Amino acid sequence: HPAGAARPAVFVVPAEAGAHALAITPGDRPHDAAVVAGRTFVADARSGTISVLDRGRRTAGFRVATRPGGLAGVDAERALAVVSLRERVVELYDPHSLKRIARAPAGAGPTHVVADGDRLFVADTRGGALLVFRTRPKLKLARRVGLPGSPYGMAIDPIRHRLWVTLTARNELVALPAHGRPRVMRRLPTVRQPDAVAVDAALGIVVVAGRSAGVLQLIGRDQAYPDDH
């Protein structure tokens, strides 16, 4: 980028199938990645470890519960949340010392996690539910919201405090308020096998990745937030 120009945004994309666009190979089967407290954390589902990248280089690694899946920074990035696919728990780690500070059961088959403030939202894919955790004063399950249809991919709109969840068995995307009593506010049809979702909060655009056809679906602001005018 030109001298004096702002640094371009960097996207970290875990490639579970083993294809790497960059010369960063933190593990055999990267499932998810998150940037917390200036460090990049990558979950390797096969080895049961989290790789730590500082400025693009692997500087550390630590073991977590069996088959780590989703990752998220929580409570103003004071902790790293890690979901275990096999042990079915959610854990909190200090992003600096890498020590575990909390652990709690997380349903029948959790896969991904996102956070808004000190609140965690976990997709219990096998259990067909959204699990809402509070991290203060301690990590505790606060609510279970039924979401039939295999909830999987999740994203938070931090401006509108909206939670987006893909339902892979129904090829749907649902929107819920990101608070302690979430409910389905909106349902939208998606491409087949919607495995991931992302939000551009500034523009109000929601993007869904369809695994079956390898396509991206862009949902404009008028459709995603029809009442936000």
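Since the model is a prediction, treat every value here as computed from it, not as a measurement.
Val184 and Val165 end up in the same hydrophobic cluster when Ile, Leu, Val, Met, Phe, Trp and Tyr side chains are linked at under 4.5 Å. Under a hydrophobic-cluster definition in which Ile, Leu, Val, Met, Phe, Trp and Tyr are linked whenever side-chain heavy atoms come within less than 4.5 Å, directly or via other members, Val132 and Val114 are assigned to the same cluster. Linking Ile, Leu, Val, Met, Phe, Trp and Tyr residues whenever their side-chain heavy atoms come within less than 4.5 Å leaves Val199 and Ile205 in two separate clusters. Hydrophobic clustering keeps Leu163 apart from Val197 (ILVMFWY residues linked when any side-chain heavy atoms are closer than 4.5 Å, directly or through intermediates). Note on Val42 and Leu98: separate hydrophobic clusters, where clusters join Ile, Leu, Val, Met, Phe, Trp and Tyr whose side-chain heavy atoms are under 4.5 Å apart, directly or indirectly.
Listed for the Asp75 side chain is no donor-acceptor partner under 3.5 Å among the backbone atoms of Arg78. Side chain of Glu172 to backbone of Arg187: no donor-acceptor contact under 3.5 angstrom is found. Put simply, the side chain of Gln217 never gets that close to the backbone of Val208: no donor and acceptor are under 3.5 Å apart. Using modelled atom types, no side-chain atom of Asp118 and backbone atom of Thr135 make a donor-acceptor pair closer than 3.5 Å. Although no hydrogens or angles enter the test, the distance criterion places a donor-acceptor pair under 3.5 Å between the side chain of Arg186 and the main chain of Gln223.
In plain terms, the two heavy atoms of Gly61 and Arg58 that are nearest each other are CA-NH2, 3.6 Å. Ala106 approaches Val90 most closely through the heavy-atom pair CB-N, 3.9 Å. Here the closest heavy-atom approach between residue Asn171 and residue Thr168 is recorded as OD1-O, 3.5 Å. For the pair Gly146 and Pro148, the tightest heavy-atom approach, listed with the atom from each and the gap, is C-CD, 3.6 Å. Pairing each heavy atom of Ala72 with each of Val36, the nearest pair is C-CG2, 4.4 Å. Nearest approach of Leu120 to Ala115, heavy atoms of both residues: CD2-CB, 3.7 Å.
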Residues Ser84, Thr66; criterion side chain to side chain donor-acceptor pair (under 3.5 Å); working and verdict: CA-CA 6 Å; Ser84 166; Thr66 310; 5.6 Å; no

Derivation of the side chain to side chain contact (heavy atoms under 4.5 Å, CB included) call for Leu92 and Val74: CA-CA 9 Å; Leu92 298 183; Val74 62; 4.0 Å; yes

Worked verdict on His161 versus Asp116 for side chain to side chain contact (heavy atoms under 4.5 Å, CB included): CA-CA 8 Å; His161 298 284; Asp116 189 27; 3.0 Å; yes

Full working for side chain to side chain contact (heavy atoms under 4.5 Å, CB included) between Phe121 and Val145: CA-CA 10 Å; Phe121 300 93; Val145 181; over 6 Å; no

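In this structure, Arg119 fails the cation-pi test against Phe133, since its NZ or CZ atom is not both closer than 6.0 Å to the six-membered ring centre and inside 45 degrees of the ring normal.
Within the 4.5 Å cutoff, the side chain of Phe41 has heavy atoms near those of the Pro95 side chain. With contacts defined as side-chain heavy-atom distances shorter than 4.5 Å, the pair Ile219/Val207 does not qualify. Using a 4.5 Å cut-off on side-chain heavy atoms (C-beta onward), Val122 and Val83 make contact. Side-chain contact between Glu77 and Val35 is absent, with no heavy-atom pair separated by less than 4.5 Å.
In this structure, CZ on Arg126 lies 9.5 Å from CG on Leu85, to the nearest 0.5 angstrom. Residue Thr166 holds its OG1 atom at 8.5 Å from CD of Gln193, rounded to the nearest 0.5 Å. Distance CZ/Arg143 to CG/Leu131: 12.0 Å, rounded to 0.5 Å. Here the CD1-CG distance, from Ile159 to Asp200, works out to 8.5 Å after rounding to the nearest 0.5 Å. Atoms CG and CG, from Leu167 and Leu147 in turn, are 6.0 Å apart once rounded to the nearest 0.5 Å. From Asp44, atom CG reaches atom CD1 of Ile50 across 8.5 Å, with rounding to the nearest 0.5 Å.
There is a side-chain donor-acceptor pair under 3.5 Å between Thr111 and Thr125. Arg63 and Thr49 share no donor-acceptor pair across their side chains, judged by distance under 3.5 Å alone. For the residue pair His112 and Asp32, no side-chain donor N or O sits within less than 3.5 Å of a side-chain acceptor on the partner. Thr59 and Asp54 form a side-chain donor-acceptor contact under 3.5 Å, judged by distance and modelled atom types alone.
Taking the charged nitrogens against the carboxylate oxygens, Arg103 and Glu87 do have a contact shorter than 4.0 Å, which makes a salt bridge. Checked for salt-bridge contact, Asp195 and Arg211 meet the test: a charged N lies under 4.0 Å from a carboxylate O. Contact check on Asp94 versus Lys99 returns no salt bridge, with no Lys/Arg side-chain nitrogen under 4.0 Å from an Asp/Glu carboxylate oxygen.
In this structure, Phe62 and Tyr93 have tilted ring planes: the angle between them lies in the 30° to 60° band.
The residue from Leu173, Val215, Leu216 that alone fulfils the side-chain contact (heavy atoms from CB on, under 4.5 Å) condition with Val191 is Val215.
The environment of CZ in Arg86 is sparse: at most 12 heavy-atom neighbours from other residues, nucleotides or ligands sit within 6.0 Å. Annotation for Arg160: atom CZ counts as buried by contact number, over 12 foreign heavy atoms lying within 6.0 Å.
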